[in-house]
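Remarks on the structure that follows.
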Amino acid sequence: MERLKALMRMTAVRLSAVYLLLFAVCAVVLVFYVTATASNILKSQSRAAIAEEISELGLIYETAGIIGLVRTIDRRARQPGASLYLATDATGRIIAGNVESLQAGVLDKGGFTEHVFGYERFADNADDRYHIAVAEVVSLPNGMRILVGRDQTEQERFRQVVRSALILALALMGAAALLAWVFVGRRALQRLDRMSAASNRILAGDLTERLPVTGAGDEFDRLSENLNRLLARVALLQEGLRQVSDNIAHDLKTPLTRLRNRAEAALGGGTGEGVPREALEGMIGEADQMIRTFDALLMISRVEAGSHPVLKDRVDIATIVADVCELYEPLAEEVGARLIVDAPSPVQALVSRELIAQALSNLIDNSLKYAVGEGRQTTVTIRLSARDGNCVLSVADDGPGIPADQHERVLERFYRLDQSRTMPGSGLGLSLVQAIARVHDGELALEDAAPGLRVVLVFPLDGRTGSDDGG
């Protein structure tokens, strides 16, 4: 009973029950319509034949009189397969015909009988004496009554056979539909139970659990596949959040410790006038680094979430490249690096000037920070081109590069190849560039420059993301 109640709570099962009920009603209506139509057709044919015989007998009565009419009725009544014929006198005594007895009241009214009536023929078998028929009764001036009819026993049997066959067929169809409905509903309920059990395990904290997929390709499988992709995304985001939390704690612990040590040194340390000032300057530098880290995190979150308007204009990317490279030229000379710019103008694209400049600045800054080595000059090459409707902006250096198996990892927030965190930086530069690429419907790729690393930023020239107005 509980399983039945659970089945009936399902929308699909309720709809199936409604359809089954409508089917049963239509089937019953169809059965009665078919049998009634068949009966009316047969009755109309019988009445037409009776009317024709009555007309013939009327002509005989006009020409041969009562005697000729009675003789004709007697002769026709004796023929094999004859219709019903009966002639009675004014008192109701049978004069001629092939009817032994009639249902009471049939001869009381003239014209066609309203309903079938029962009768018995002469020489009927004991087991088959009762028949039904329709007839027309005609009263003569002398009180005699003439009845001409057609037997309806076979027609009634045919009608009953047709009705029984239709009822049986529809009953079998209904039973099959009911069994199929119960089978399908039960199977659907079992699948929902499995999905519910998996959902409970997921709610309990097991994010590795997935909803079952049978491979049937039906709506349950499509729902499970979509939810499984959502769960995979949630698990990935949760893992990323955990890593970000760990990295934030790790990256902030070091500068906070240095801040505390310098503050402690300033309080209990030297007596010279410059000692507190140097300590305060160091503390300010550490605080600035933490502020830059949080600013980078906020920018990545805003860009990825689209909560901050991204205003796009059609600009020449070569101009942005020239301006950023000019800004980094002094720093490159200071660390012993050389910037090579290959950016033929114009390359017009619908972009956010500030974000593209920020992405290029991050890439050049990374190359100058990590590719510069002792005793050699590092070359950083910035190239710009337009290809297949896309803008291709790349920054390559001839430094140590990044192992191929780490290319995906370095795009994660706070991930750094220098696990000891001795090098400056927060591990957010490439994450921000990737977020900027996504907001421009583009892609960021890391390639081996042999030697060194090449970072390629590709985005469409026409800005087809539809964010031109701040979306």
Side-chain angles (χ1 to χ4, degrees), residues 14-59 72-73 76-77 79-88 97-125 127-139 145-182:
R14 290 179 179 177
L15 289 176
S16 300
V18 172
Y19 293 150
L20 183 60
L21 179 61
L22 290 176
F23 171 78
V25 172
C26 293
V28 171
V29 171
L30 178 64
V31 167
F32 281 97
Y33 172 77
V34 170
T35 53
T37 302
S39 177
N40 290 334
I41 291 174
L42 294 174
K43 189 178 293 185
S44 298
Q45 292 176 348
S46 297
R47 288 195 173 189
I50 292 170
E52 183 178 354
E53 291 199 46
I54 290 292
S55 298
E56 293 177 359
L57 292 177
L59 294 175
T72 302
I73 290 175
R76 290 187 177 185
Q79 294 177 356
S83 299
L84 270 69
Y85 295 99
L86 181 65
T88 66
N98 53 9
V99 176
E100 182 177 356
S101 64
L102 282 175
Q103 182 177 320
V106 174
L107 296 176
D108 294 344
K109 295 181 180 180
F112 280 105
T113 54
E114 296 180 359
H115 306 287
V116 294
F117 58 89
Y119 76 96
E120 292 182 6
R121 286 176 177 266
F122 288 108
D124 276 339
N125 296 327
D127 297 332
D128 189 21
R129 294 181 58 84
Y130 191 77
H131 305 272
I132 58 174
V134 292
E136 182 177 358
V137 178
V138 178
S139 297
R145 291 181 177 85
I146 305 298
L147 180 145
V148 178
R150 283 294 181 95
D151 188 272
Q152 299 293 303
T153 304
E154 294 300 324
Q155 289 85 340
E156 180 64 20
R157 289 175 181 172
F158 172 76
R159 190 170 67 88
Q160 291 294 338
V161 168
V162 171
R163 176 177 291 185
S164 300
L166 285 174
I167 291 176
L168 179 60
L170 293 175
L172 292 176
M173 291 172 61
L178 182 62
L179 290 175
W181 171 60
V182 172

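Residue numbers start at 1 and run along the sequence shown. Reckoned from all heavy atoms, side chains included, excluding hydrogens, waters and symmetry mates.
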Task: Short side-chain to backbone donor-acceptor contact, T153 and I132, under 3.5 Å - done: yes
Task: Side-chain donor or acceptor of R145 paired with backbone N/O of L107 under 3.5 Å - done: yes
Approximate separation, where rounding is to 0.5 Å, of [X] [atom1] and [Y] [atom2]:
X	Y	atom1	atom2	result
I73	L86	CD1	CG	8.0 Å
T113	L102	OG1	CG	10.5 Å
L147	T88	CG	OG1	8.5 Å
L57	E52	CG	CD	11.0 Å

TODO: Return yes if a side-chain donor-acceptor contact under 3.5 Å exists between S83 and R150, otherwise no.
DONE: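 Checked: S83/R150 side chains pair up, N/O donor to acceptor below 3.5 Å.
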Open item on the list: Less than 3.5 Å apart, any donor N or O on the side chain of Q152 or S46 sitting next to an acceptor on the other?
Closed with: yes
Task: Neighbour count >12 (heavy atoms, 6.0 Å) for atom CD, E56 - done: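 Correct, the count exceeds 12.
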Taking the side chain as every heavy atom from C-beta outward, state whether [X] and [Y] have any pair of such atoms under 4.5 Å apart.
X	Y	value
V148	Y85	yes
E136	I50	yes
D151	Y119	yes

Open item on the list: Looking at every heavy atom in both L84 and A133, which two are closest together, and how far apart are they?
Closed with: CD2-CB, 3.7 Å
TODO: Please report the closest heavy-atom contact between Q103 and F117, naming both atoms and the distance.
DONE: OE1-CA, 3.5 Å
